[in-house]
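Data block below; observations after.
Throughout, protein chains are lettered first and strands after them, A, B, ... in sequence-line order, and every chain is numbered starting at 1.
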2 protein chains.
Amino acid sequence: MGATLQTVADQVGVSRSTVSNAYSRPDQLSPELRARILAVAERLGYPGPNPSARSLRRGKVDAIGVLLTANLSMAFRDPYAVAYLRGLAEAAEQRKTSLLLIPLPHNDQEGALDAVRNAAVDAFCVYCVPDWFKALEIINFRGLPVVGGEDPAITGQLSGEVGFVGIDERKAARRLAAHVAALGHRRVALIGHWITDTSVTGPVDVHPDELRYYVSGERVRGFRDALVAAGVDLADVVLINAAENDRLVGAEAAGHALDRQDRCTAILSTSDVLALGVLDALAVRGLRPGRDVSVTGFDDIPEAAAVGLTTIRQPSVERGRIAGELLLDPPADPQARHRVLPTTLVVRATTGPINQESSS
Amino acid sequence: MGATLQTVADQVGVSRSTVSNAYSRPDQLSPELRARILAVAERLGYPGPNPSARSLRRGKVDAIGVLLTANLSMAFRDPYAVAYLRGLAEAAEQRKTSLLLIPLPHNDQEGALDAVRNAAVDAFCVYCVPDWFKALEIINFRGLPVVGGEDPAITGQLSGEVGFVGIDERKAARRLAAHVAALGHRRVALIGHWITDTSVTGPVDVHPDELRYYVSGERVRGFRDALVAAGVDLADVVLINAAENDRLVGAEAAGHALDRQDRCTAILSTSDVLALGVLDALAVRGLRPGRDVSVTGFDDIPEAAAVGLTTIRQPSVERGRIAGELLLDPPADPQARHRVLPTTLVVRATTGPINQESSS
DNA sequence: TTGAAAGCGATACCAT
DNA sequence: ATGGTATCGCTTTCAA
């Protein structure tokens with residue numbers, strides 16, 4: 001217990017530096033001496049250099065901090081987030097770097113953000129954190145390298161921003177909504193994750209331009225763009241906030257759209273997970289997706305294919321991997337540090353032409 | 001740049017202690033002074049106490065190290081591992097504790113284990129790491145609290161073991177194999193994850209008692225127990241190693257069982273992920289699961305239900321949560337620190353009575 | 001190849 | 001309520 005570099009050095013009869021070298025620079029001393037030192041260390045129960053002391057001195061930790069969604073454990077329910085994390089892990093493990101998953105307090109209260117403040121990391125990767133979260137300010141203030149991958153504008157303001165990897169959210173959303181509009185839908189509901197806040201699920205009365213959370217905001221604006229372009233009356237468009245990116249919440253949100261007199265004929269969600277919930281809500285009410293009500297998602301998680309969900313496919317693992325690479329090996333060329341990845345419209349069975357009978 | 005506690009203290013005209021208190025013990029100084037200090041700190045661009053220095057001094061990091069599978073990024077492909085991690089995250093986020101995901105070198109080579117050695121954490125949670133991995137020795141030597149949750153014997157030897165959370169692997173496997181044997185199957189193949197090593201997929205000639213990796217070993221031994229009890233000749237049982245817990249690898253392993261003259265009538269795998277691969281292999285060969293060949297998994301991941309896989313259900317999220325709780329709030333009662341969770345045999349469509357025609 | 005000395009940046013205890 | 005002081009454990013020049 002309590003063995004330290006000093007203890008070992010004393011026992012062996014060498015200086016601290018030498019013991020330190022035995023661990024961190026094997027080439028700086030004779031193999032025999034090193035062996036002797038390591039043996040003594042083992043006998044003394046010296047656990048090796050103290051990680052905190054070591055990183056304090058070296059100024060490096062070999063870990064990157066990950067803010068995965070405003071709600072860490074919830075993130076693991078979203079296959080897309082998991083895939084992103086997998087990509088990040090791939091990049092990290094290739095470089096012997098650990099990933100520090102930092103939990104955010106559910107309320108984002110000042111004092112509760114210690115975990116972000118005290119995170120011993122060399123850089124941060126931020127994924128799906130609403131831009132108004134205080135955690136971002138802290139990260140910004142710490143001045144470490146950051147890869148956001150969402151709002152180019154916001155991450156552009158982070159002092160340590162090293163790059164960006166994302167997609168053209170709005171354009172992709174536009175294509176999806178254009179597809180829906182082309183099928184004749186005019187009464188539409190849009191379900192957005194955190195478009196207003198992170199606590200209440202239900203209809204909101206906000207102009208799309210005001211939505212703050214970048215990802216959902218852009219997607220909703222993309223939907224709006226396309227609907228307006230198709231001549232849809234915005235008064236016929238219901239906007240619903242989802243307090244969590246969760247299937248159950250998606251179902252709840254859909255309820256607000258379905259259980260009203262002038263039921264909409266299409267429901268567009270800002271994620272597949274929410275859309276799966278929407279499908280659940282339809283099932284409960286005996287409505288057929290693609291016939292009675294058209295439904296779309298966003299991400300193209302594996303389950304989307306399984307249930308025939310029309311959606312936008314975006315890279316997941318790759319996106320995480322690139323984020324990690326940007327952080328760990330920032331390319332010299334600034335151009336190469338701004339990556340906009342391609343997306344694809346995937347039309348499946350949950351969207352179909354407007355059905356005159358059930359919409360009347 | 002480079003602002004430190006000292007800098008701030010000098011500017012404000014107070015001592016370091018006071019500045020430190022302003023951050024870590026707000027109640028130790030007047031609100032006005034604190035406000036003044038924080039303001040100056042902000043102006044100076046002082047990012048807050050240096051995490052490494054802080055944890056060096058306090059002897060605490062507020063992070064727990066996670067060894068998730070021998071292959072971190074691969075772990076994210078396994079829904080069971082992800083669920084476990086979710087539970088762990090739930091426990092951690094409730095206690096403002098971060099999770100340090102530590103990558104293991106693929107070869108488990110000495111030098112490459114720095115990440116484990118240098119991990120700044122207060123404790124370790126080890127999940128699905130083969131017992132012969134050097135990483136475990138290092139963890140053991142560091143003497144930090146550990147929750148293994150797999151091999152009670154091995155974790156029992158870890159100096160810092162604080163508890164155990166797992167299932168009765170062997171008993172569960174026995175029930176599963178008994179079900180298969182009761183259906184009349186006598187020529188059986190067992191596919192085990194890492195039962196010999198982590199590099200080659202294919203038949204192995206090892207006695208079940210010799211298998212080293214605890215989890216798979218116990219499951220295989222459980223299978224064996226039940227088969228022998230049912231009068232199966234062990235000479236008719238093929239043992240196949242899977243180099244990775246991966247669907248593709250499962251399919252590959254199944255190939256070794258299916259593409260031989262005396263094709264087996266049942267294939268038992270040590271995980272659902274592998275079993276899904278087995279089903280793929282059957283499909284490719286035009287064989288019907290539950291009719292031509294019976295197939296079983298282990299874990300009961302969501303996809304198992306979707307494809308009708310017969311399997312053993314074991315708690316996932318809960319298991320991770322308990323592991324986290326054991327680490328973060330070890331119960332005083334030693335009894336309460338040894339948790340064996342219940343499992344259930346879930347019979348679905350992939351197992352059926354032996355089919356005389358195709359087995360002849 | 002090895003050792004001596006100087007921090008890295010912060011916190012805790014004890015006074016005041 | 002604040003300040004002084006010792007110390008946490010290690011790495012890193014630089015000199016021998």
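In summary, of the residues considered (A:Thr69, A:Asp78, A:Asn71), a side-chain hydrogen bond (donor to acceptor under 3.5 Å, both in side chains) with A:Asn245 occurs for A:Asp78 alone. Results of the side-chain hydrogen bond (donor to acceptor under 3.5 Å, both in side chains) test with B:Ser73 over A:Glu90, A:Glu93, A:Arg86 single out A:Glu93 as the only residue that passes.
The side chain of B:Ser15 lies closest to D:dG4 when the candidates are C:dT2, D:dG4, D:dT12. Set against C:dT2, D:dT2, D:dC10, the side chain of A:Pro49 has D:dC10 as its closest nucleotide. The side chain of A:Arg58 sits closest to D:dT11 out of D:dT11, D:dC10, C:dG3. Nearest to the side chain of B:Thr18, among C:dT11, D:dC10, D:dT2, sits D:dT2. Minimum atom distance to the side chain of B:Arg25 is reached by C:dA12, of the listed C:dA12, D:dT2, D:dC10. Each of D:dT2, C:dG9, C:dT11 was ranked by its minimum atom distance to the side chain of B:Leu56; first place goes to C:dG9.
Within the nucleic acid shown, A:Tyr46 comes within 4.0 Å of sugar-phosphate atoms alone, with no base atom in reach, counting heavy atoms only. Backbone-only contact: B:Leu29 has heavy atoms under 4.0 Å from sugar-phosphate atoms and none from a base. Within 4.0 Å of B:Ser17, counting heavy atoms only, lies at least one base atom of the nucleic acid. If you check every strand for non-hydrogen atoms under 4.0 Å, A:Ser24 touches sugar and phosphate atoms only.
Atom CD1 in B:Ile37 sits roughly 14 Å away from atom P in D:dA1 (whole-Å rounding). Regarding B:Lys60, its NZ atom lies at a distance of 17 Å from the C1' atom of C:dA12, rounded to whole Å. Taking atom CG of A:Leu33 as the reference point, atom P of C:dG3 lies 8 Å away to the nearest angstrom. Distance, B:Arg16 CZ to D:dG3 P: 12 Å, rounded to whole Å. Computed from coordinates, the B:Gln28 CD to D:dG3 P distance equals 13 Å when rounded to whole Å. The nearest whole Å value for the distance from the CG atom in A:Asp62 to the P atom in D:dC10 is 17 Å. Summarising the geometry, the separation between CD on B:Gln6 and C1' on C:dC8 is reported as 13 Å, rounded to the nearest angstrom. Spacing between atom CG of B:Leu5 and atom C1' of C:dA12 amounts to 13 Å, rounded to whole angstrom units.
Residue B:Thr4 places at least one side-chain N or O under 4.0 Å from the OP1 or OP2 atom of C:dA10.
With DNA chain D read from its 5' end, the first of the two nearest nucleotides for A:Arg54 and B:Ala53 is the one closest to B:Ala53.
Classification of the B:Trp132-B:Tyr213 ring pair by plane angle, with boundaries at 30° and 60°, yields perpendicular.
You'll find the side chain of A:Gln6 reaches within 4.5 Å of the side chain of A:Asp10, heavy atoms only.
Formation of a donor-acceptor pair under 3.5 Å by the A:Arg321 side chain with backbone atoms of A:Ala91 is not found in this model.
With hydrogens and angles ignored, no donor-acceptor pair closer than 3.5 Å exists between the side chain of B:Arg57 and the base of C:dG9.
Between the side chains of B:Ser24 and B:Arg58, no donor N or O sits under 3.5 Å from an acceptor N or O.
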